[in-house]
Number of protein chains: 2
Amino acid sequence: MSEIHDAMFRALSDPTRRGLFERLCREGDTTVVGLLSGAGVSQPVVSRHLKVLKSAGLVRDRHEGRYTYYSAERAALRTLVDWTSEMSGFWNDRFDDLDNLLRRMDQ
Amino acid sequence: MSEIHDAMFRALSDPTRRGLFERLCREGDTTVVGLLSGAGVSQPVVSRHLKVLKSAGLVRDRHEGRYTYYSAERAALRTLVDWTSEMSGFWNDRFDDLDNLLRRMDQ
DNA sequence: ATGACACATAGCCATATAGGTATGAGTATG
DNA sequence: CATACTCATACCTATATGGCTATGTGTCAT
C-alpha cells in the first residue's frame, strides 16, 4: 500500500533528482542531454536519477531514434496531492473532534 | 529556497519516519513511548527520527514533566501542498500552451 | 533518598547511495 | 564503413544513514 509512497518520497528526497523532476514538470518532454545542462552532475548520473524517478512512477520515457524523451507522470503528482490531502484531513478531523468535545463540554 | 523541501522530502523518505509522521497527523499529541508501540524500532531510534522530523519542520515538541509530546506541524503540510500544486500547475500550463498552439494552428 | 520511568545522546556497524570514470549498445550522418 | 552522437550500464569510492546497545539527564513516586 505505502510502497508507492516509499518510492516517491525516496526519489524526491535527493535535491539533484528532485531538480530533474521539477524541470520535467516545467518544461515537459526533454532529452537526457537537455536535462544535463544545469543539472550539475555527469550524464551517467542524470541517467541513473531518471531511472530512479521512473521506477518510482514519477516520470515516463519515450524513445525516438537515438533520443530518449522523459516527461513527468501526471498520476504521480495526483498520488502526492492525495497523500498530503489525507494528512491535512486527519489534522482537520482532529480539530473537528476537539470542536465537538468543546461543544459537548459547553452543554 | 528549496532547502526546506530538501529537508522535508528527505525526512519523509524513510518509511519508519514517515509512519511516525502519519501517526502524528492522525492521532495528534503523542509521547515518545506512545509512538514506540507499533513503530517496529527501538526507543532511541524513535527519538532520533523525531529529531529529524523536527529539524525538517514537520513536527513540534512540547515538554510536560517527564513526558515529551510530539505533534504534526500544520505549516509543513501546507508547504507540501504548495509544492505539489506548483508542479501540477506547471503541468497544466504546458497543456494550456499546447492547447493554444493547436488553436493557432487550426486557424 | 532510592528506584522507576521517559526521553535523549553517544558510539558502533552494516548497508545504501550519490558521485565519478570507463565503456557498451544503438542510431544517425558523412 | 567509419565516425559522431545519445543514452545506459558496470564498476569503484567516499559518505550518509538507519539500526542497535549502553548510558546520561531529568522527573515522578515511594
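Lettering follows sequence order; numbering is per chain, from 1.
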- Got more than 12 heavy atoms from elsewhere within 6.0 Å of CZ, B:Arg78? no
- Query: Does A:Ser42 make a side-chain N or O approach to OP1 or OP2 of C:dG20 shorter than 4.0 Å?
  - Reply: yes
- Over how many whole Å does the gap from A:Arg10 atom CZ to C:dT15 atom C1' extend? 12 Å
- Task: May I ask you to say whether B:Arg18 pairs ionically with B:Asp14, meaning some side-chain N is under 4.0 Å from a carboxylate O?
- Result: no
- Task: Take the protein atom CG of B:Asp6 and the nucleotide atom P of C:dT17, then report the distance between them rounded to whole Å.
- Result: 17 Å
- Message: Counting distance alone, no hydrogens or angles: does the base of D:dC5 have a donor or acceptor under 3.5 Å from a partner atom on the side chain of A:Arg66?
- Response: yes
- Which atom names give the shortest non-hydrogen contact between A:Ser71 and A:Asp29, and what distance separates them? CB-OD1, 3.0 Å
- Query: Using a cut-off of 4.0 Å on non-hydrogen atoms, how would the nucleic acid contact of A:Thr68 be classed: base, sugar-phosphate, or nothing?
  - Reply: sugar-phosphate
- 4.5 Å side-chain heavy-atom contact, A:Leu58 and A:Leu24: no
- Message: Between A:Tyr70 and D:dT6, is there a contact of a side-chain N or O with OP1 or OP2 at under 4.0 Å?
- Response: no
- Item | Presence of A:Lys51 side-chain N/O under 4.0 Å of D:dC7 phosphate oxygens OP1/OP2 | no
- Task: Using a heavy-atom cut-off of under 4.0 Å over every strand shown, decide if A:Tyr69 touches base, sugar-phosphate, or nothing.
- Result: nothing
- Note on the structure: In whole angstroms, the gap separating C1' of C:dC7 from CG of B:Leu53 amounts to 16 Å
- Should B:His5 and B:Thr79 count as side-chain neighbours, where that means a heavy-atom distance under 4.5 Å? yes
- Message: With the threshold set at under 4.0 Å for non-hydrogen atoms, list the residues of residues 12-20 of chain A touching DNA chain C in residue-number order.
- Response: A:Asp14, A:Thr16, A:Arg17
- Query: Between the base of C:dA6 and the side chain of B:Gln43, is there a donor-acceptor distance below 3.5 Å?
  - Reply: no
- A:Leu77 and A:Phe21, any side-chain heavy atoms less than 4.5 Å apart: yes
- 5'-most contact on DNA chain C (nearest-nucleotide basis), B:Asp61 vs A:Glu64, goes to B:Asp61
- So what does A:Val41 touch, heavy atoms closer than 4.0 Å: a base, only the sugar-phosphate, or nothing? sugar-phosphate
- For B:Ala39 and B:Leu20, the nearest pair of non-hydrogen atoms, with its separation, is CB-CD2, 4.3 Å
- Rounding to a whole Å, what distance do you find between A:Leu50:CG and D:dT9:C1'? 14 Å
- The residue, B:Gly34 or B:Arg48, whose nearest nucleotide of DNA chain C is more 5′ is B:Gly34
- Note on the structure: Whole-Å distance, B:Arg62 CZ to C:dA6 P, equals 16 Å
- Item | Between P of D:dC7 and NZ of A:Lys54, the distance in whole Å | 14 Å
- State whether A:His63 places a side-chain N or O below 4.0 Å from either non-bridging phosphate oxygen (OP1 or OP2) of C:dG26. no
